[in-house]
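Shown next, in structure tokens, is the structure this report addresses.
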Amino acid sequence: KNQAPATKRPRPSSPPAGDVHTAVDTTPTPLDYSKLPAELHNVDFTRRITWGKFAPYLDSNNDSKVAPHLPLTPLDTPPVFTDTSPALCHYIHAIEKRARACTVHLKHGPVATPVFMPVGTKGSIKGVTTEEIVHESALANEIILANTYHLALQPSTSLLKDMGGLHSFMGWNRNILTDSGGFQMVSLLKFAEITEEGVTFENPYTPGKRMLLRPEDSIHHQNEIGSDIIMALDDVVSSVTVDEERFREATYRTLRWLDRCYQAHEFPEKQALFPIVQGGLDTSVAGLREQCLAGFRNRDDKVSGFAIGGLAGGESKDEFWKVVNQCCKALPDNKPRYLMGVGYPLDLVVCTALGVDMYDCVYPTRTARFGVALVPGAAPGTLRLKSHECSTDSRVVQQGCGCQACAGGISRARLHSLLKNGNCVAAQLLTQHNIAYMMALVRSMRQAILTGSFVDFVREFVNDQFRGKSNGGQDVPKWVKDALEETGINF
């Protein structure tokens, strides 16, 4: 009886005659994942996104002022791992124009860049043993790539963990980089269903069985694999897709998934995490690539390096080099830059000039299994050993090459005969040769940068492939000229 008198609530008025009274829908409005993330609302997109830049780039705060010179580290400097990058130490030893000679120190040893990583999708490179990669000087490499999606299916990452990780499983005491499984959204799109939660694949080995790969799952698998560099799961769209809204959704989702990957990462002290720049072919000011880069800039302290993704899917070469150029001009100079899925020798030379450090591709090993060797000389720089011209050719594939076939004097005619008879030895020998060719190429580029002769190296390489129509060859493609001129290398 001591309570205050209750306030009478006004009775709701009746709807006017003829109106239909409807209940208010309290269902939460679904998030619109195609809208610019709130974190980017205050970004000045009238200016190009850059951060952590040094000469020869312009100062990011003053477009008329060149940035300070990049601090260089002497060769053979011992690595210093820090609290912000406990699994990777990146030293830059020399630059020429925009090309860099670096050392990426990881938990299984140093990696000299520029570097090409042979692809061992399921933990082995087809046609080459681990011992050959380790002990054959012509093939020797410090890092290879393996694929999380395929290893999760067979033999399973839980088995790899029980066996001491992929290094122990394959007898490899050097570095491993694992892809996140994102590329399979393109290569296995007909088997995939992509949502905000993750991507669900139909198991290609077991009909009717499905596999959900969320960002957390991708990182968990890579933690069990024990790779030295792990990739964040990104939403990948084929570069030739004509669907702007799908690219927009994928770009913003890549940022959200990176946050989930970072939170799920159990071993940051042992495994370096790289995110992957997406955004299709939109390199415009305030475009999707710029927006993705702005999101990565906000997360720079959480990652040890960056990858450039979404390319090598059928886009034009002019579109290709412009995306690479944009990313190299934006990403910080103190961290490695990895261009995913690129392995044509000419592309490596051009993109190294643009500022890329790391590459991977199945092209050199896959083309070997079709009887094609990589060689110096006129474009496309290949030798088809199944051709009739090779059937009586007593020369080795490439004079001076250190691979088993060339160093051992195995003739083109012998390889032609083995291929025609379906002998797998030919594919093994050509796989070794093509890996040796790629290793020699990146070593030559590194040496040229260290000695200040990279510009001459590029001109010699390109002029060797494109000798001009007046000399019975091809003219230098316009995209090559344009890309190199962007770096200050003129033809």
Side-chain angles (χ1 to χ4, degrees), residues 115-157 159-160 163 165-179 181 183-184 186-188 204-205 225 227 312 340-345 348 358-375 382-386 397-398 401-406 408 410 414-416 418-442:
V115 64
F116 176 79
M117 298 177 284
V119 176
T121 300
K122 297 182 181 180
S124 63
I125 302 170
K126 292 181 180 179
V128 183
T129 66
T130 300
E131 289 73 19
E132 287 170 334
I133 293 289
V134 171
H135 298 299
E136 296 277 347
S137 60
L139 311 182
N141 200 356
E142 299 150 339
I143 185 168
I144 63 171
L145 180 141
N147 184 274
T148 297
Y149 166 81
H150 289 288
L151 288 171
L153 289 176
Q154 292 180 348
S156 85
T157 58
L159 173 64
L160 294 178
M163 299 289 286
L166 183 57
H167 291 87
S168 176
F169 186 74
M170 63 180 292
W172 174 254
N173 63 357
R174 299 181 184 180
N175 296 290
I176 298 173
L177 180 150
T178 41
D179 187 8
F183 177 70
Q184 277 62 49
V186 174
S187 63
L188 298 176
Y205 307 113
I225 291 168
S227 42
M340 305 183 75
V342 172
Y344 291 124
L348 264 66
M358 304 170 66
Y359 307 88
D360 84 280
C361 191
V362 298
Y363 169 71
T365 50
R366 179 176 289 171
T367 198
R369 297 194 293 274
F370 288 96
V372 179
L374 303 179
V375 292
T382 56
L383 175 66
R384 298 184 176 277
L385 286 148
K386 289 184 179 180
V397 171
Q398 179 185 341
C401 173
C403 78
Q404 184 177 347
C406 295
I410 299 176
R414 175 61 174 152
L415 292 169
H416 172 90
L418 291 171
L419 288 165
K420 285 296 186 180
N421 288 307
N423 193 316
C424 63
V425 171
Q428 292 175 325
L429 291 171
L430 288 179
T431 298
Q432 292 178 17
H433 170 80
N434 285 357
I435 293 176
Y437 177 92
M438 298 301 291
M439 295 304 103
L441 174 63
V442 293

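As a basis for the values below, the full set of heavy atoms in this structure was taken, side chains included, without hydrogen atoms, waters or symmetry mates. For the single chain, residues carry numbers from 1 onward in sequence order. Predicted model, so just to flag it, every value in this text is computed and none were measured.
- Within a 6.0 Å sphere centred on CZ of R414, other residues, nucleotides and ligands contribute 12 heavy atoms or fewer.
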**Prompt:** Between T382 and T367, is a side chain to side chain contact (heavy atoms under 4.5 Å, CB included) present by the stated rule, with each step listed?
**Reply:** CA-CA 10 Å; T382 56; T367 198; 5.7 Å; no
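- Remark: Y437 engages no residue in a side chain to side chain donor-acceptor pair (under 3.5 Å) (not counting sequence neighbours).
- Taking 4.5 Å as the limit, every side-chain heavy atom of L383 sits out of range of all side-chain heavy atoms of Q398.
- Residues C361 and G341 come closest through the heavy atom pair SG-O, 3.7 Å.
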For residues 428-435, which side-chain N or O atoms pair as donor and acceptor with protein atoms under 3.5 Å away, sequence neighbours left out?
{"residue": "T431", "atom": "OG1", "partner": "A427", "partner atom": "O", "Å": "2.7"}
{"residue": "Q432", "atom": "NE2", "partner": "E132", "partner atom": "OE2", "Å": "3.1"}
{"residue": "H433", "atom": "NE2", "partner": "L374", "partner atom": "O", "Å": "2.7"}
{"residue": "N434", "atom": "OD1", "partner": "L374", "partner atom": "N", "Å": "2.9"}
{"residue": "N434", "atom": "ND2", "partner": "P364", "partner atom": "O", "Å": "2.8"}
{"residue": "N434", "atom": "ND2", "partner": "V372", "partner atom": "O", "Å": "3.1"}

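- Shortest non-hydrogen contact noted between L385 and A373 is CD1-CB, 4.0 Å.
- Of the possible polar contacts, one joining the T365 side chain to the V362 backbone as a donor-acceptor pair under 3.5 Å is found.
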**Prompt:** Are V342 and Y363 close enough, and set up right, to give a side chain to side chain contact (heavy atoms under 4.5 Å, CB included), and what steps lead you there?
**Reply:** CA-CA 8 Å; V342 172; Y363 169 71; over 6 Å; no
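- Listed by chain and number, the residues in a side chain to side chain donor-acceptor pair (under 3.5 Å) with T178 are Q222, S227 (sequence neighbours excluded).
- Partners of D360 by side chain to side chain donor-acceptor pair (under 3.5 Å), not counting sequence neighbours, listed by chain and number: Y338.
- Looking at every heavy atom in both residues, L151 comes nearest to T121 through CG-O, 4.0 Å.
- Proximity of a side-chain donor or acceptor of N423 to a complementary backbone N or O of V425 within less than 3.5 Å is detected.
- Proximity of V115 to V442: side-chain heavy atoms (C-beta onward) are nowhere separated by under 4.5 Å.
- A 6.0 Å sphere centred on NZ of K122 holds more than 12 heavy atoms belonging to other residues, nucleotides or ligands.
- Counting non-hydrogen atoms of other residues, nucleotides and ligands closer than 6.0 Å to CZ of R366 gives a total of 12 or fewer.
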**Asked** Would H167 and I225 count as a side chain to side chain contact (heavy atoms under 4.5 Å, CB included) if you check the C-alpha gap in whole Å, the side-chain angles of each, and the deciding distance to 0.1 Å?
**Response** CA-CA 8 Å; H167 291 87; I225 291 168; over 6 Å; no
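- Closest non-hydrogen pair, L160 versus P155, comes out as CD2-CG, 4.0 Å.
- In this structure, CG in L415 is found 8.0 Å from SG in C406, a value given to the nearest 0.5 Å.
- The nearest pair of heavy atoms linking G343 to L348 is CA-CD1, 3.7 Å.
- Interatomic distance, R384 CZ to L419 CG, rounded to the nearest 0.5 Å: 12.5 Å.
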Identify each donor-acceptor pair in which a side-chain atom of residues 136-147 lies under 3.5 Å from a protein atom, sequence neighbours left out, and give them as a table.
{"residue": "N141", "atom": "ND2", "partner": "F116", "partner atom": "O", "Å": "3.0"}
{"residue": "N141", "atom": "ND2", "partner": "I143", "partner atom": "O", "Å": "3.1"}
{"residue": "E142", "atom": "OE1", "partner": "A112", "partner atom": "N", "Å": "2.8"}
{"residue": "N147", "atom": "OD1", "partner": "Y149", "partner atom": "N", "Å": "3.0"}
{"residue": "N147", "atom": "OD1", "partner": "H150", "partner atom": "N", "Å": "3.0"}
{"residue": "N147", "atom": "ND2", "partner": "Q184", "partner atom": "OE1", "Å": "3.3"}

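- Residues satisfying the ring-ring contact (aromatic ring centres under 6.0 Å, His included) criterion with F169, sequence neighbours excluded, are absent altogether.
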